[in-house]
2 protein chains.
Amino acid sequence: MFDPQCPTRQLLDRIGTKWTSMAVKVLAEAAPHEVRFAELRRRMPGVSQKMLSVTLHSLIRDGLAARRVEPTVPPRVHYQLTDLGSSLEVPLAALRTWAEEHMAQIDRANATSDAQANPADRA
Amino acid sequence: MFDPQCPTRQLLDRIGTKWTSMAVKVLAEAAPHEVRFAELRRRMPGVSQKMLSVTLHSLIRDGLAARRVEPTVPPRVHYQLTDLGSSLEVPLAALRTWAEEHMAQIDRANATSDAQANPADRA
DNA sequence: CTGAATCCAACGCGATACTG
DNA sequence: CAGTATCGCGTTGGATTCAG
């Protein structure tokens with residue numbers, strides 16, 4: 001590609017992955033409290049152990065979240081958004097609001113397109 | 001998945017595809033004027049003919065863009081955002097702004113993580 | 001409890017060639 | 001000019017298994 005450094009592309013590549021935005025949302029809702037791994041899992045229906053782990057480590061690597069381990073056995077691991085992560089939550093929330101307000105319109109547009117493409121499903 | 005109907009998931013699946021958000025941006029910048037296919041291609045460096053076509057048809061199917069064909073030969077096809085598409089541009093622009101202001105921080109966080117992971121690349 | 005490692009199916013998307 | 005059709009590679013991410 002011509003500009004893989006385009007900041008918007010880079011950001012969309014991240015929040016476009018399946019669980020990233022949901023993790024940010026759950027962490028943001030819990031803030032300023034930390035959230036444990038298992039609790040995150042419970043609040044993200046459908047996420048697999050592996051993908052939650054991968055997603056969280058991406059957030060940490062990007063400086064969007066922080067990790068704290070209690071050296072007990074078994075260990076307790078806590079996560080929370082950094083200031084950077086919290087600042088991302090703002091435009092992300094705006095996107096969510098738009099989605100909740102307008103996705104129904106998009107669904108209707110799709111239904112209309114389908115109806116025009118297959119006008120004879122009454123066979 | 002538990003809730004594939006989650007509006008936010010659906011929206012992110014769309015704008016997460018490689019060219020969708022860029023197409024929306026270009027169309028928004030040109031508004032209220034229409035933009036021809038070739039002109040879109042020129043303004044989206046790196047996009048292939050196929051992916052631009054696929055992207056635009058997705059936008060149309062979702063009711064975010066409209067298509068107008070001049071029945072000349074060769075044909076001229078014009079695109080523009082619908083009101084729905086224009087409304088999406090608002091939160092999308094917010095995301096772009098965030099990206100431009102903060103992606104450098106994310107890059108730095110990544111560099112730091114890499115440095116800690118490979119402290120001995122001076123071999 | 002919190003992970004890492006492996007395997008594999010599904011999808012995104014780019015290159016290329018063909019059409020009206 | 002503005003597409004559509006086909007092919008193939010790389011990546012995403014789910015299931016499963018092993019480990020501290």
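Chain letters run A, B, ... following the sequence lines, proteins first and then strands; every chain starts at 1.
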Side chain of [X] - closest among [options]:
{"X": "B:Trp19", "options": "D:dG3, D:dG14, C:dG14", "value": "C:dG14"}
{"X": "A:Lys50", "options": "C:dC7, C:dC13, D:dG3", "value": "C:dC7"}
{"X": "A:Gln49", "options": "C:dC13, D:dA2, C:dA4", "value": "C:dA4"}

For DNA chain C, which residues in residues 23-39 of chain A have a heavy atom at a distance below 4.0 Å?
-> A:Arg36, A:Phe37, A:Ala38
Please answer whether the main-chain N or O of A:Trp19 pairs with a side-chain N or O of A:Thr55 as donor and acceptor at a distance below 3.5 Å.
-> no
Does A:Pro74 or B:Ser53 map to a spot on DNA chain D nearer the 5' end, using the closest nucleotide for each?
-> B:Ser53
For A:Thr17 and for B:Pro75, locate the closest nucleotide of DNA chain D by heavy-atom distance; then report the residue assigned to the nucleotide nearer the 5' terminus.
-> B:Pro75
Is the CG atom of B:Asn110 crowded by more than 12 outside heavy atoms at less than 6.0 Å?
-> yes
Are A:Val77 and A:Val73 co-members of a hydrophobic cluster defined by side-chain heavy atoms under 4.5 Å apart?
-> no
Residue met sooner reading DNA chain C from 5', once B:Gly16 and A:Val69 are mapped to nucleotides = A:Val69
Using whole Å, report how far [atom1] of [X] lies from [atom2] of [N].
{"X": "A:Asp13", "N": "D:dG10", "atom1": "CG", "atom2": "C1'", "answer": "14 Å"}
{"X": "B:Leu56", "N": "D:dA2", "atom1": "CG", "atom2": "P", "answer": "11 Å"}
{"X": "A:Arg68", "N": "C:dT2", "atom1": "CZ", "atom2": "C1'", "answer": "15 Å"}

Any salt bridge between [X] and [Y], counting N to O under 4.0 Å?
{"X": "A:Lys25", "Y": "A:Glu89", "value": "no"}
{"X": "A:Arg36", "Y": "A:Glu39", "value": "no"}
{"X": "B:Glu100", "Y": "B:Arg96", "value": "no"}

Do the side-chain N or O atoms of A:His57 get closer than 4.0 angstrom to the phosphate oxygens (OP1, OP2) of C:dA4?
-> yes
